[in-house]
Amino acid sequence: MIPKTGNFGRPAWRSHREPLQGTLLGHAEGPVRCPHVRSVALQFGVRDPVATLWRLLHAAGFSNPEELRQVFPLPEKPLVCRIDPAPVPRLVRADRGQRALEDALWLGLATPWLLDPARPVLWTRASLTRCIEVFDTGAFYS
């Protein structure tokens with residue numbers, strides 16, 4: 001007769017559970033490569049992220065976020081993203097406006113899982129306050 005519950009003959013003290021966790025993301029060497037491209041995270045304090053970046057954008061002489069594509073280099077193909085488990089957000093300040101605009105461009109092109117340079121730049125509170133890591137999976141799939 002087979003017992004309905006239990007260890008099926010093994011003593012209870014021999015049972016062991018351990019969560020397994022791993023990732024290929026961030027490996028730049030070896031046969032499977034998915035190197036880290038960059039981390040992107042902005043900090044706005046109590047200020048509204050969207051309004052703050054629009055002010056920086058206009059102060060830098062741009063009329064819309066799409067124009068930032070002409071100034072800052074972007075990847076040629078879509079890249080994989082993940083939420084950064086240990087972000088170090090960059091404080092958005094007027095004297096560092098160019099770097100904040102570049103980071104905002106990347107955040108506006110990203111979802112939590114994908115950065116697609118072909119999609120429109122979307123600045124929302126959710127996208128601008130997201131903390132992401134970006135990885136190139138080209139060597140993994142080629």
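Any value given below was found using the heavy atoms of this structure, including those in side chains, with hydrogens, waters and symmetry copies removed. When a residue number appears, it is its place in the shown sequence, counting from 1.
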Provide the closest heavy-atom pair for Pro65 versus Leu57 in the form atom of the first, atom of the second, distance. N-CD2, 3.6 Å

Do Leu107 and Trp123 come close enough that some side-chain heavy atom pair is under 4.5 Å? no

Between CG of Asp84 and CZ of Arg130, what distance do you get to the nearest 0.5 Å? 13.0 Å

Which residues pass the side-chain hydrogen bond (donor to acceptor under 3.5 Å, both in side chains) test with Ser39, not counting sequence neighbours? His36

Quick check: is Val121 connected to Phe72 through a chain of hydrophobic side chains (ILVMFWY, heavy atoms under 4.5 Å apart)? yes

Validation row: Asp48, Arg125 side chains within 4.5 angstrom (heavy atoms): yes

Same apolar cluster (I L V M F W Y, side chains within < 4.5 Å links), Val71/Trp106: yes

Closest approach of Pro117 and Pro75, non-hydrogen atoms and distance? CG-O, 3.3 Å

With hydrophobic residues grouped by side-chain heavy-atom distances under 4.5 Å, do Leu122 and Leu74 end up in a single group? no

Find the distance between CG (Leu68) and CD (Glu102) and round it off to the nearest 0.5 Å. 9.5 Å

Does a side-chain heavy-atom distance below 4.5 Å link Leu109 with Arg69? yes

Is there a path from Val40 to Val80 through hydrophobic residues (I, L, V, M, F, W, Y) whose side chains come within less than 4.5 Å of each other? no

Min side-chain heavy-atom separation Leu53-Phe44 under 4.5 Å: yes

Please examine the side chains of Pro49 and Leu42, heavy atoms only from C-beta on, and report whether any two atoms are closer than 4.5 Å. no

Before accepting this row, confirm whether a basic side-chain N of the pair Asp103/Arg38 lies closer than 4.0 Å to the acidic partner's carboxylate O. yes

For a quick test of reading the model, state the closest non-hydrogen atom pair linking Gln43 to Pro89 and the distance between them. CB-CB, 3.7 Å

Please tell me whether Leu101 and Leu105 are part of a single hydrophobic cluster in this structure, the criterion being side-chain heavy atoms less than 4.5 Å apart. yes

So do the side chains of Cys81 and Leu114 get within less than 4.5 Å of each other, counting heavy atoms only? no

Applying side chain to side chain contact (heavy atoms under 4.5 Å, CB included), can you list everything that pairs with Asn64, at least two apart in sequence or on another chain? Trp54, Glu66, Glu67

Residue set satisfying side-chain hydrogen bond (donor to acceptor under 3.5 Å, both in side chains) with Arg47, at least two apart, ordered chain then number -> none

